[in-house]
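This chain uses plain numbering: 1 for the first residue, then up along the sequence. Keep in mind that what you see is a predicted model, and the values were worked out from it rather than measured.
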Amino acid sequence: MCEAAGDDGGCGADAAPARRRRAPALSHPRPCVKCGQGSAALVIRLGDAFCRGCFREYFVHKFRAMLGKNRVIFPGEKVLLALSGGPASSAMLRQVQEGLSRETAKRLRFVPGLIYVDEGAVRGQSAAQREQSLARMKTLLQATGFPYHLAHLEQALELPASILRPGLGGSGEPGPSYKEAVEGFIQQQRQEGDGDGGTSLPGLGTRDTPAGPPAAPHLPAAAQTQELLRLFEAVETPTAREELLQMLRTHLILQTARTRGYAKVMTGESCTRVAVKLLTNLALGRGAFLAVDTGFVDNRHGDVMVVRPMREYMAKEIVFYNHFFDVPTVIAPPLPTKRREKPSIHRLMERFLLGLQEDFPSTISTVYRTGEKLSPAPAKASSESQRCLLCLCALDIAGEEELALEPTLITEEPEPAGDGCCQDALAAGAESRAAFIPLLCYSCRLTFKELGPLATLPPYVRAEAQRRIRRAQMKQQSREVPLEEEEPSES
């Protein structure tokens, strides 16, 4: 008779699946792996136990090393920090504050500015809740001493059409190298000789620092808020709403950077967020543009470069840093969804990755490292006709007539009344939904399909689309006009 509970393969050996045994808890605290003296306050990864002091040094060094390794932010440049109030962007702000303090051995040399975009209208917040969040953010921004800008998502509806065109990246002449720029900046500061060893930064004086108690925040007019809500209510799926929100936010920050003279924009995407975004964009058909969507540098806008200095920090590291060193945060609610709707692809991918991360701790870092090997070359467009209207990346459509997507985007639309003149024909073509399709990449076509009627699109998107459509139609008509035959000359 076999033993049911035996260890030698009895008939009861496969009765229950083997469970992973939890490692027994240590009775004494683990020492710090760096200094070996202090007791470990946290374990980042298996075997990486740090005390608080060493963890702070590790966190600060990673931020400074990321900026020093890439060398894209030159001394004296104005850099706009895009803050959402969340853990990652708040930790990024704290790193910049400490890097610019006089106690730092090697100070950062750029001139920071801050921007916060209020998205409470589309996130289901009431007017009182929006005012409360704005007041908290204004207090936090004002305490930094940096110039700051408070923007509302409603302002994106008033953006100019030029925001969808890449700015001029310079005069065309090669600029100085990073080493030459640093030497020139130090020499300039020494010549100015302001008494602090030539290490002061321009643009951080008291004249640029807001003073006094924060005033009561002003919300946009009710008509603007209702127009924004109609835009989001017309969107058919939560995924398209997430993409629309991201587009409006990016364009609003970009416009602020251009008008205020900022050459760089810093965003606070963590390693966890980058991994989620990488797989999300892959599912949305943006595989050719993953390098610019998730890389350290995004220069698709020409005159303003977007950098992501927090992309090597795990979400766990950021949370512990904010907790240990009292970094204030302001958490915004997610986009509201109807109960019968399924969550967006963004949320599904986030749950999927975080679920895998619990059982396989190397999941997020593996996805992140895979994205490091991608090249940004496929996203570069050679001309305006080869550039996507919404994301400004290269059009990745080859063989449009063979796509199964195109027939679903073309809908029957009534012919507008007109007298048949050329201008009426151009206007009718520019307002056609099908005319927008050749202006968009594959991923933006998927989103455009779910954005609702053309009348609800942001005005600056319609204006730029009409300009490009009419320009293309006029070029086509000029090619079709036959050349007049030359009259024979009399001998």
Any sub-3.5 Å donor-acceptor pair from [X]'s side-chain atoms to [Y]'s backbone N or O?
X: Y313; Y: F63; result: yes
X: S270; Y: A315; result: no
X: R308; Y: G295; result: yes
X: S90; Y: P87; result: no
X: R230; Y: T456; result: no
X: R241; Y: S344; result: no
X: T259; Y: T256; result: yes
X: S133; Y: R130; result: no
X: S101; Y: E98; result: yes
X: N70; Y: M66; result: yes

Any chance you could measure [X], atom [atom1], to [Y], atom [atom2], to the nearest 0.5 Å?
X: F74; Y: R109; atom1: CZ; atom2: CZ; answer: 13.0 Å
X: L354; Y: T272; atom1: CG; atom2: OG1; answer: 7.0 Å
X: L290; Y: K373; atom1: CG; atom2: NZ; answer: 14.5 Å
X: L335; Y: R123; atom1: CG; atom2: CZ; answer: 5.0 Å
X: E269; Y: S89; atom1: CD; atom2: OG; answer: 10.0 Å
X: L93; Y: L140; atom1: CG; atom2: CG; answer: 8.5 Å

Can you find a heavy atom in the side chain of [X] that is under 4.5 Å from one in the side chain of [Y]?
X: C393; Y: C441; result: no
X: E372; Y: R311; result: yes
X: I115; Y: Y262; result: no
X: P328; Y: R94; result: yes
X: Q476; Y: Q473; result: no
X: L254; Y: R258; result: yes
X: F146; Y: L100; result: yes
X: M266; Y: P309; result: yes

**OP:** Please test V122 against L248 for side-chain contact (heavy atoms from CB on, under 4.5 Å), starting from the C-alpha separation and ending with a verdict.
**Re:** CA-CA 12 Å; V122 299; L248 296 179; over 6 Å; no
Original post:
Taking only residues two or more places apart in sequence, or in another chain, which ones meet Y460 in a ring pair (Phe, Tyr, Trp, His ring centres under 6.0 Å)?
Top reply: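 Result, ring pair (Phe, Tyr, Trp, His ring centres under 6.0 Å) vs Y460: H251.
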Subject >> Residues M305, E77; criterion side-chain contact (heavy atoms from CB on, under 4.5 Å); working and verdict >> reply: CA-CA 12 Å; M305 178 185 295; E77 277 189 324; over 6 Å; no
Over all heavy atoms of both residues, which pair between [X] and [Y] is shortest? Give the atoms and the distance, please.
X: R300; Y: R286; result: NH1-NH2, 3.9 Å
X: E312; Y: K62; result: O-NZ, 3.3 Å
X: D118; Y: H152; result: OD2-ND1, 3.1 Å
X: L83; Y: M92; result: CD2-CE, 4.1 Å
X: V111; Y: G76; result: CG2-O, 4.0 Å
X: A121; Y: E154; result: CB-OE2, 3.5 Å

Subject >> K277, E242, E243 screened by side-chain hydrogen bond (donor to acceptor under 3.5 Å, both in side chains) with H346, the one that passes >> reply: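 Only match with H346 under side-chain hydrogen bond (donor to acceptor under 3.5 Å, both in side chains): E243.
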Original post:
Less than 4.0 Å between a side-chain N and a carboxylate O, is that true for R467 and E464?
Top reply: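 A salt bridge is present here (some side-chain N lies under 4.0 Å from a carboxylate O).
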**OP:** State whether E350 and R347 are salt-bridged, where the test is any N-O pair (Lys NZ or Arg NE/NH1/NH2 against Asp/Glu carboxylate O) under 4.0 Å.
**Re:**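 Judged by the 4.0 Å cut-off on N to carboxylate O distance, E350 and R347 do form a salt bridge.
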Do [X] and [Y] meet the criterion of a side-chain donor-acceptor pair at a distance under 3.5 Å?
X: S385; Y: S383; answer: yes
X: T237; Y: E450; answer: yes
X: Q125; Y: Q132; answer: no

**OP:** Would you sort out whether F436 and L454 count as a side-chain contact (heavy atoms from CB on, under 4.5 Å), showing the intermediate values?
**Re:** CA-CA 10 Å; F436 278 62; L454 291 181; 4.1 Å; yes
Original post:
Which is it for M474 and R471 under the side-chain contact (heavy atoms from CB on, under 4.5 Å) test, yes or no, and what are the steps along the way?
Top reply: CA-CA 5 Å; M474 293 178 65; R471 186 176 181 180; 5.9 Å; no
Original post:
Do the numbers put R433 on top of the ring of F448, so that NZ or CZ is under 6.0 Å from the six-membered ring centre and no more than 45° off the axis?
Top reply: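 Yes; both conditions hold, so R433 lies above the ring face of F448.
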**OP:** Take atom CZ of R260 as the centre, draw a 6.0 Å sphere, and report whether it contains more than 12 heavy atoms from other residues, nucleotides or ligands.
**Re:**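 Counting neighbours around CZ of R260, 12 or fewer heavy atoms of other residues, nucleotides or ligands fall under 6.0 Å, so no.
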**OP:** Sequence neighbours left out, what pairs pass ring-ring contact (aromatic ring centres under 6.0 Å, His included) with at least one residue falling in residues 318-337?
**Re:**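 Sorted pair list: F59-Y321, F320-F324, Y321-F325.
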